[in-house]
Every structure is written in structure tokens, then in C-alpha cells.
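Structure, as C-alpha cells:
Worth knowing before you read on, the calculation uses all heavy atoms, side chains too, and leaves out hydrogens, waters and symmetry mates. Below, read A as the first sequence line, B as the second, and so on, with proteins coming before strands; counting in each chain starts at 1. Fair warning: this is a prediction, and the values are worked out from it, not measured in the lab.
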Amino acid sequence: MIDTPEQRVLIVDDQATIRTKLSCAVEVLGYTALTSVDAIQAKKQLANYRIDLILLDIEMPGQNGLELLKELKASQQYTGIPVLIISALDKERDHVIKALELGAIDFLPKSVPQAILRARIKTALRIKLNLDRENEKRRHVKSLTMAAALLDEANYNPEHLHLESTMERDDELGRFARVFVSMAQQLYQRERRLRHRIRTMRSFGLMLVVGALCGLDAPLARYAASFDAQSSGISLWVATVICLATLPLAIYRRDFPPLSWYSLRYFMIWGFCAVVLGDYFLLVVAEHLKASVLSVLLMTEVSMVFLYSWIVRIEQSTGKRFAGLLIGLLGVLMIVINPDELGETTSLTWLLIALLVPLGFAVIDVLSATGRPMKLNALTRTGIASFFGLLMILPIAWAQDSFVSLQLIPGNLEFLILFWGLLDTVTVATIFIVVRSTGAVFGSQIAYVQMVMGILLSLFILGESLSVQTWIAFCVILVGMLLVEPKREAELEIPDDAFVSIGNHPVISKSNTV
Amino acid sequence: MKVIDTRLLDQLKELIGGSQESLNELVETFLIEGDEIIADMNASVSSQDLDLLRRSAHSLKSSAQDFGALELSRLSASLESQCRAQWPDDDIEQIQRINNSFQSAASALREFLSSQ
């Protein structure tokens, strides 16, 4: 609200005697007097101080009083400052009339009695005060109108309403603003809760679909092992399919990453994890392990992501989550030490190498969750990463002389490569979206669904069987994962007491009134 | 005729809050500025600057009225009025008369202040 603090009167007159006289007279009346010898100095004073009234002489060297008055009244900033002209009406009638026409509120005789001076200054300052109050009220009404427009556009965030100063008012307008903000706050919280629920449900849905698709990885790798083709050769073609499926679209949409060392490192790591670890190593270990065992091992991705998140503290770590991690590792250990599941080889080496595959997926989860934001489509990211992965797998394929020649008339191998490439394209891009919006630990739980799907496919399509010990290990790992549990909040809620009071005024909440 | 109308001086004193000290300061300001204005009038004659002569007469007219120097105010008002039309014929003589009146007023003001 406007109160009446120090009120400043600016006296503009080239005569030192008049300035001194009026300055003394103004100070005696209880106001602060500032003086200027000409228009230039007056404008400086106006720029430096909040002025409430100007006493302006007409006859001045340089820009005279009438010219300065005209300039002030044309200025949006100073037009509200009342101006009293210092002049003798009898001798300068024309000038006084002109000044009144230009916007001066009154004139002041040079030899003015104190009573008249006091009355005219008081009147002028009262006009200024009323004008300021009216302007402030108009500004607050405008703020309320703009806030209403925002609510109309379903923008309920109370911080966007900018009604803090309006709420400080002691009148009906202030009360209205407080009620308004309080209602907006309730609407906003309700909307956020709803949005959070929708997002969580959508993420769960996406997780189920992507997990099911990822579950095809281990059986597909096992199936690919049945072909007379080297793993590096198949990986090369899978990466090529991903590039062909994504990069032309990225070029068409001009969706390019920024050229920086950070981008290069980001895509090289992603490419290595996705193509070399995620495809090539998966194919290599699939020749030596059952698809069902491989599926169980892939689930350790969750534990790896949680371990990393716990170490760098990007997500909340609790004793319960940590216990879940240890139990999950115990389950993996049960498989590793079980000779029944070692398949064609008796070496533990392949089991340990197989753990590199979920490690690669875990790194991708962490990269997606913590990577610096880039305005880049998820498909484009997948394509660029695969391109770098392709460049890395190329020398391996060359060294192993394992380039796979595809037939013009597509057979099973060609369809496998095409299907796998497209599957990888969709799943990697979708995982990025899920992880970006729900967090690395939550997103990595795609591996749960992936494991269940992988085991089911292995059992019912590939005709594999699991030993009792492996089933127990599977249950142990599942218990561990349940303890790790998803990241609780995809988006922070506004605390209930965030808008309880603003300034000295309580805000109406669900249960109380002002 | 009295050189200074003391009723106007009393009115001025009331306007500035009744302080004798402030009045003394104000009179000193007027006397210093009055000398400068008369110097400006003489300079305007040398440079034939009609606007400077008119503004100088205008300034002295207003201040003299405040301090009760009515004769000085009248002479200044007359010169200002003539300057609105054209350069006054007896410029030197008028400025001389104004100067004499100012000196008399200055003496009277100092005498008045010393008697307070």
C-alpha cells in the first residue's frame, strides 16, 4: 500500500534567493526540499530521486520552465508528478495560462504568504497521493486479470501468478488476491498429483512393453548362435540396420547434436555399451550359455545401476534398497556356482563375461539419466550411438574376417538381423525416454520384465529347462529387486505448507479461512 | 518614502519559519545575487544582449519585492517591461538608478538586521 513516507519537493529556479527562500519554506512545512538551477539539473534530480511535487520557475536560461513542463507531461515516467508554477499571475498571465494548459495544477506567486504556500503544496501532494494509489490499484487489478488469464489457460502454478504484492493489500482487492492464490494453489497441487499419477502409469506401461521386447534379446542371441556366422559380423549388420532406420530421418529433420568433445565422448561410450557390449558380447556368450541363464544375468543391470546411483548419490539410498542389492547379488552367485547351468562349457569365464552385457545396459541407463541435456530426438541418439558402435565393431569383424554376406533373397539370418536391428532401435530409444522421465534406477527395472520374458521364451520356444537351484536363484534375485523398488517420485510435489502465508497475511487453505 | 517595507520582511520571515538566522542567511544570499544581477545588466549593455537584460530585471524585481525593497522592484519591473518591446533608450541611466536603489536597500536591510 502507498503510505506517506518522506515527501520530496523539487524546486527548479535559476535564482539562488528564490531557491533558498522556497527551500526553507518547504522544509518548515515538513517536506524534504531538493533544488535545481536549471532544467538539466532538474532532470538529473528526477532520475535520482522519487519526487512528489515540482515547484517550477518559468524564466530560466537554457530550457525554460514551459519547455521543461511540456517534456515532463509527455513522459510516461514523470507525467504523474504535480507541477506548481512559480509566477506572478498579474505580470505573467499568458505564461501561467500556457502552463496550466500544459498540465501544471496551479501557480504560486513569487512573494507567497506561508498559509497559501502550505495550502497549495498540501493540495498538490494529496492529488499525487491519490493518483499513486489509483495507479497502484489499477496495476494490481491488471495483475489479477493476467492471473485469471493464466488460470484460464490451465496454468495453476501460484508462482506464475505474480500476485505477492497484491496479496499484501489490506483492502478487498488484497483479500480477493489471497483467496485467488489459495484456490490456484489447491488446483495446482491436484493437477500435479494427477499428472504424476498419469506419468507413473505411462512409465509402467512403457516399461512392461519395452521389457517384453528386451526379453527377446537373449533368445534371439541364442538363436543367432545357431547360424554359421561370426558374432561380430552379425553385430555389424544389426548396428547398420539401426543406423539406416534412424539417421536418414535425423538428417531430414536436421536433428544434429552439438559438435563438442562432450558429445563425442557421450556417443562413443553409449555406442560401445550398446553395440560392442549389448550386441556383440551378448552373441558371443549366447554360444556358451542357455538363454534362460543369460536372461537371469541380464537382470543384474538393476543392481549395477542402483550401486552406481548409490555411490554418486543421484538417487535416494536406504538400508532396504541396499539389502535388496546384496540379495540380488547372492542370487547371481547361486547361478555362477551352479555347474548345471554352465551349458556347453565348464568354465566360469563365460558367466563373468556375460555380466559385461548388463553392465553395458546399466551404463546406458546412467548416461540417459545423468547426461547433459541436448535437444536431440531419442531415435537420433540411438542412431548416432550405433554409428559409433559400428565403427568400433568394424575392426573386430575385419580382424576376425567375419563379414557376413547377406542373400538378396532374404532367409532366416537376414530376417533375424533386420528384426533385431529394428527391435534394438525401438527399445533403446524408448528406454531413454523412460529413464529420462523416471530416473535411472526405476528405468533399469525394465530388466525385471526382460528377465521374465527371456525365461518364458527360453522355456517354451527354445525348449530349455532350468534346474531347481536356478529357480531358487531366480526367486532370490526377484526378492532383491523388489526391495530395491522404484524411485518414489518422478516429480517433486509442492509441499503443503509452501504457500501457507505470504507477508503478514494468512492464505485460505483447505481447512481455514482468513 | 521608506527604502524597505518591513511588513514584507516580516511576511518573508514567517514564510521561512520565523528563524532570524535563516532570514539573515536569505538576506546575504539576496545581496550577493543582487550584485551579480547588476553586473549581468552592465554586461548585457556591452554585448547588447536584450534577453539577458530583461531576465536580470525580472529576477531583481521578484527578489526585491520579497525583501520589501519596493522602489527597487518598481524600477526593475519598469526596465523589464521596456525590454519586452525593444532596447531601452536610457539603458545606462536606468541601470544606474537600479544600482543606486539596490545599494540603498542593501544598507537599509543590513541596518534592519542589526537592529533585530
Taking atom types as modelled, find out whether [X] and [Y] have a side-chain donor-acceptor pair closer than 3.5 angstrom.
| X | Y | value |
| --- | --- | --- |
| B/Gln82 | B/Ser78 | yes |
| A/Gln114 | B/Gln11 | no |
| B/Asn24 | B/Glu28 | no |
| A/Glu59 | B/His58 | no |
| A/Thr32 | A/Glu6 | yes |

**OP:** Determine the option with the most heavy-atom pairs under 4.5 angstrom with chain A, choosing from B/Glu25, B/Glu80, B/Glu14.
**Re:** B/Glu14
**OP:** Go through the atoms of B/Gln65 and report whether side chain, backbone, both or neither lie under 4.5 Å from a heavy atom of chain A.
**Re:** both
**OP:** Please state whether the side chain, the backbone, both or neither of B/Leu12 comes within less than 4.5 Å of a heavy atom of chain A.
**Re:** side chain
Original post:
Do other residues, nucleotides or ligands put more than 12 heavy atoms under 6.0 Å from the NZ atom of B/Lys13?
Top reply: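 Buried by this count: over 12 neighbours within 6.0 Å.
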**OP:** For chain B, find its close neighbours in residues 14-25 of chain A: heavy-atom separation under 4.5 Å, sorted by number, or none.
**Re:** A/Asp14, A/Gln15, A/Ala16, A/Thr17, A/Ile18, A/Thr20, A/Lys21, A/Cys24, A/Ala25
**OP:** Starting from the C-alpha separation in whole Å, work towards a yes-or-no answer on salt bridge (Lys or Arg N to Asp or Glu O under 4.0 Å) for B/Arg54 and B/Asp51.
**Re:** CA-CA 5 Å; B/Arg54 185 187 58 75; B/Asp51 192 51; 2.9 Å; yes
